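Predicted model, so just to flag it, every value in this text is computed and none were measured. A note on names: the letters A, B, ... follow the listed sequences, proteins ahead of strands, and every chain is numbered from 1.
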Number of protein chains: 2
Amino acid sequence: MPKRSNMGPPWWHGRFQGRGYRITVPREAILDVLNRTSKHLSAEDIYLEVHKIYPHIGLTTIYRTLELLVHIGLVFKFDFGDGRARFELSEGPKGIRHHHHLVCTNCGRVIDYTDFIDDEIELLGRTEKGLSKKFNFKITNHLIQFYGLCDGCRDKK
Amino acid sequence: MPKRSNMGPPWWHGRFQGRGYRITVPREAILDVLNRTSKHLSAEDIYLEVHKIYPHIGLTTIYRTLELLVHIGLVFKFDFGDGRARFELSEGPKGIRHHHHLVCTNCGRVIDYTDFIDDEIELLGRTEKGLSKKFNFKITNHLIQFYGLCDGCRDKK
DNA sequence: AATATTAATGAAAACCATTTTCAATAAACT
DNA sequence: AGTTTATTGAAAATGGTTTTCATTAATATT
Ligand SMILES: [Mn+2]
Ligand SMILES: [Mn+2]
Ligand SMILES: [Zn+2]
Ligand SMILES: [Zn+2]
């Protein structure tokens with residue numbers, strides 16, 4: 001089902017060329033699954049989805065591909081505390097969409113939010129600068145997650 | 001070696017009483033190890049340390065006790081991305097010392113920092129309020145970590 | 001102080017997400 | 001079309017964590 005609305009190679013092809021990485025069917029299938037969801041899928045989730053169309057693709061390949069995609073920066077890997085890694089495309093055709101997460105500790109639901117991001121970015125910039133100076137630490141990344149009870153869970157407790 | 005400078009029950013005893021939890025030798029030993037380090041120990045780290053004094057205490061008990069301590073809020077459990085959970089006392093005799101982490105992605109070193117915490121707390125408060133309202137999400141906790149290269153690793157790359 | 005109750009423990013086995021191995025396959029280059 | 005070598009799939013291994021279950025010991029009761 002990997003059908004794109006307009007012709008031309010998908011926007012991510014450039015990330016593979018020139019680095020010795022090959023564009024393969026499994027890789028396209030995995031990127032396609034990630035590209036078409038807004039959920040935070042586990043390796044097995046992705047495997048099951050890919051399996052519907054390419055039953056011969058194995059779970060091992062899913063893991064290996066995800067590792068590669070994280071390595072080249074196309075995918076983010078998260079740990080929301082349920083014992084399995086979760087993956088999310090780091091950018092879309094329209095560029096990076098920076099956001100943080102709200103994690104429900106009761107049902108595991110994960111909510112993306114971009115509100116307040118500007119204030120956060122502002123603070124993060126200051127903090128990163130200060131920490132870099134104080135600890136001589138070169139910051140490349142940050143992780144911000146809020147935990148609590150989601151809309152559906154807060155009453156039932 | 002669990003020797004306290006002055007008499008009286010340790011400050012954490014109150015957390016066990018009244019809840020049906022018993023104060024046992026393994027639990028005291030584990031709390032003692034956590035209380036005397038500023039590092040972020042894994043279950044095995046704690047096991048090895050406890051083992052020096054109580055060789056009969058098993059790794060299973062370490063895991064079970066840590067789970068309990070996290071449950072009653074005496075200990076924080078972290079994932080710094082190296083495949084094993086890390087534990088840290090949530091408070092000391094002098095109260096809670098809120099801090100966040102700087103994680104070196106090269107050597108795994110973890111640095112606690114409390115600088116800029118005030119600004120962060122301020123922002124977090126606003127953000128939590130906004131998010132709570134927008135998503136009807138009851139926030140109980142947050143996780144903030146910065147990743148990058150520490151003093152010893154940034155040059156060698 | 002002795003006894004009863006039941007939470008806690010330890011050893012071994014099970015669990016399970018992820019990684020490794022290795023022979024077979026298929027992209028990309030000539 | 002043929003060659004090179006990155007990639008793949010199946011099976012086995014790995015390793016941190018959890019479960020099982022018989023035994024032990026902390027606390028309550030007498
Ligand atoms: Mn997200
Ligand atoms: Mn810390
Ligand atoms: Zn929920
Ligand atoms: Zn380092």
field: the helix from C:dA1-D:dT30 to C:dT30-D:dA1: angle between end helix axes, five pairs per end, rounded to 10 degrees
entry: 40°
field: Rounded distance in Å - OH (A:Y54) to P (D:dT8)
entry: 13 Å
- prompt: Could you state the OH-C1' distance from B:Y47 to C:dA11, rounded to the nearest angstrom?
  reply: 11 Å
field: Euclidean distance, atom CD1 of residue B:I30 to atom C1' of C:dG10 [Å, nearest integer]
entry: 13 Å
task: Could you identify which residues of residues 57-72 of chain A place a heavy atom less than 4.0 Å from some atom of DNA chain D, listed by residue number, or say none?
output: A:I57, A:G58, A:T60, A:T61, A:R64
- prompt: Going by atom types only, do A:H40 and A:H101 share a side-chain donor-acceptor pair under 3.5 Å?
  reply: yes
- prompt: For the side chain of A:T127 and the backbone of A:L123, is there at least one donor-acceptor N/O pair under 3.5 Å apart?
  reply: yes
- request: Under the side chain to side chain donor-acceptor pair (under 3.5 Å) rule, collect the residues that match up with B:K77, sequence neighbours excluded.
  value: none
For residues 135-147 of chain A, tabulate all N or O donor-acceptor pairs below 3.5 Å that involve a side-chain atom, not counting sequence neighbours.
from: A:N136; atom 1: OD1; to: B:R154; atom 2: NH1; distance (Å): 2.8
from: A:N136; atom 1: ND2; to: B:D151; atom 2: OD1; distance (Å): 2.5
from: A:T140; atom 1: OG1; to: B:Y147; atom 2: O; distance (Å): 3.3
from: A:H142; atom 1: NE2; to: A:H98; atom 2: NE2; distance (Å): 3.3
from: A:H142; atom 1: NE2; to: A:H100; atom 2: NE2; distance (Å): 3.2
from: A:Q145; atom 1: NE2; to: A:Y147; atom 2: OH; distance (Å): 2.6

- prompt: Taking A:T114 for the side chain and A:H99 for the main chain, is one N or O donor matched with an acceptor at less than 3.5 Å?
  reply: no
- prompt: Nearest 0.5 Å, what's the CZ-OG distance between B:R86 and B:S42?
  reply: 5.0 Å
- prompt: Taking atom P of D:dG9 as reference, at what distance in whole Å does atom CZ of A:R27 sit?
  reply: 11 Å
- prompt: Would you say B:Y47 and B:I53 are hydrophobically clustered, going by side-chain heavy atoms of ILVMFWY under 4.5 Å?
  reply: yes
query: In whole angstrom, what separates B:K77's NZ from D:dG16's C1'?
result: 10 Å
Side chain to side chain donor-acceptor pair (under 3.5 Å) involving B:D79 - partner list, sequence neighbours excluded: none
- request: Kindly say whether B:D32 contributes a backbone atom to a donor-acceptor pair with the side chain of B:N35 at under 3.5 angstrom?
  value: no
message: What is the separation between atom CD on A:E44 and atom P on C:dT19, rounded to the nearest whole Å?
response: 15 Å
message: Distance check, rounded to the nearest 0.5 Å: B:D82 atom CG versus B:C107 atom SG?
response: 11.0 Å
- line: Reading nucleotides 23-30 of chain C from 5' to 3' and marking B where a protein heavy atom lies under 4.0 Å of the base, S where only the sugar-phosphate is that close, and - otherwise, the string is ---BBS--
- request: Determine yes or no for a side-chain-to-main-chain donor-acceptor pair under 3.5 angstrom, with A:T61 supplying the side chain and A:I57 the backbone.
  value: no
field: Distance, rounded to the nearest Å, where A:E28 contributes CD and D:dT8 contributes C1'
entry: 16 Å
message: With a 4.0 Å cutoff (strictly under), does any side-chain N or O of A:H56 reach OP1 or OP2 of D:dG9?
response: yes
